[in-house]
A.B. asks: 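Please read through the structure below; I'll follow up with questions.
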Amino acid sequence: KAGVTQTPRYLIKTRGQQVTLSCSPISGHRSVSWYQQTPGQGLQFLFEYFSETQRNKGNFPGRFSGRQFSNSRSEMNVSTLELGDSALYLCASTTGGAGELFFGEGSRLTVL
Amino acid sequence: GENVEQHPSTLSVQEGDSAVIKCTYSDSASNYFPWYKQELGKRPQLIIDIRSNVGEKKDQRIAVTLNKTAKHFSLHITETQPEDSAVYFCAASTGGTSYGKLTFGQGTILTVHP
């Protein structure tokens with residue numbers, strides 16, 4: 001059974017640009033969550049999608065957005081990038097009920 | 001919203017010793033408490049979890065205890081080994097439709113010296 005797959009694994013952008021990250025969940029998992037990991041702030045919840053609907057949202061500005069497709073794959077977008085957006089973005093999937101979150105390897109974003 | 005405090009931030013032990021990491025949470029509605037281990041450059045992986053209707057859970061060398069009244073839960077690792085060296089995160093969730101929304105503690109860097 002394939003795990004959670006995130007692409008791209010590494011990317012470098014400049015301030016003001018936008019970026020789109022992709023996440024393919026484990027087959028059968030309908031819930032996809034996104035987290036930002038930084039040395040200073042730790043792991044912070046961005047948002048969760050379940051059956052193509054945003055089910056929960058964290059405390060991030062509107063520049064951070066996401067969506068989920070009918071096949072449960074999810075994308076997150078960050079517009080007008082700032083230096084502080086440099087982080088490891090982790091995607092996690094679960095069945096949607098009471099269960100373990102399975103994380104992907106993450107997409108490491110560097111903003112110059 | 002929920003806030004999770006985790007202590008200590010770093011922990012250094014000798015191989016064979018025990019290690020204890022403690023977390024407190026603020027939202028009394030939280031009912032699911034997982035612990036994740038993240039090795040350097042790798043993804044976080046669940047090592048054990050506990051739900052609010054249980055006070056203690058054990059899996060080989062790892063145990064978790066929960067005190068709902070005091071709103072704190074702890075991870076206990078016995079007979080530590082060098083491969084236990086990693087960052088450990090506690091987390092809390094209110095469950096229901098929010099299992100995907102975890103509030104994490106700041107993490108504990110555990111170093112086990114051979």
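Quick note on labels: first sequence line is chain A, next is B, and so on, each numbered from 1. Since we're looking at a predicted model, the values are computed, not measured. The figures here come from the full heavy-atom set of this structure, side chains too, leaving out hydrogens, waters and symmetry mates.
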A.B. asks: Under a 4.5 Å cut-off applied to non-hydrogen side-chain atoms, are B:Val54 and B:Glu56 in contact?
C.D. replies: no
A.B. asks: So do the side chains of B:Arg51 and B:Asn31 get within less than 4.5 Å of each other, counting heavy atoms only?
C.D. replies: no
A.B. asks: Supply the atom-to-atom distance B:Ile77 CD1 to B:Ser18 OG, rounded to the nearest 0.5 angstrom.
C.D. replies: 9.5 Å
A.B. asks: Contact part of A:Tyr35 toward chain B, heavy-atom cut-off under 4.5 Å: side chain, backbone, both or neither?
C.D. replies: side chain
A.B. asks: With a 6.0 Å cut-off on ring centres, are A:Phe103 and B:Tyr36 close enough?
C.D. replies: yes
A.B. asks: Most heavy-atom pairs under 4.5 angstrom with chain A, which of B:Gly107, B:Ala91, B:Pro44?
C.D. replies: B:Pro44
A.B. asks: Sort B:Gln45 into side chain, backbone, both or neither according to what part of it lies under 4.5 angstrom from a heavy atom of chain A.
C.D. replies: neither
A.B. asks: So which part of A:Leu90 gets closer than 4.5 Å to some heavy atom of chain B, the side chain, the backbone, both or neither?
C.D. replies: side chain
A.B. asks: For the interface with chain B, which of A:Ser33, A:Gly58, A:Gly104, A:Ser93 has the highest count of heavy-atom pairs at distances below 4.5 Å?
C.D. replies: A:Gly104
A.B. asks: May I ask you to establish whether A:Arg55 and A:Phe50 are in a cation-pi arrangement, using a distance under 6.0 Å from NZ or CZ to the six-membered ring centre and at most 45° from the ring axis?
C.D. replies: yes
A.B. asks: Compute the centroid of each ring, for B:Phe33 and then for B:Tyr25, and state whether the two points are separated by less than 6.0 Å.
C.D. replies: yes
A.B. asks: In terms of heavy-atom pairs under 4.5 Å with chain B, which of A:Asn56, A:Val4, A:Val32, A:Leu46 leads?
C.D. replies: A:Asn56
A.B. asks: Examine whether an atom of A:Gln41 lies under 4.5 Å from a heavy atom of chain B, and if so say whether it belongs to the side chain, the backbone or both; otherwise answer neither.
C.D. replies: backbone
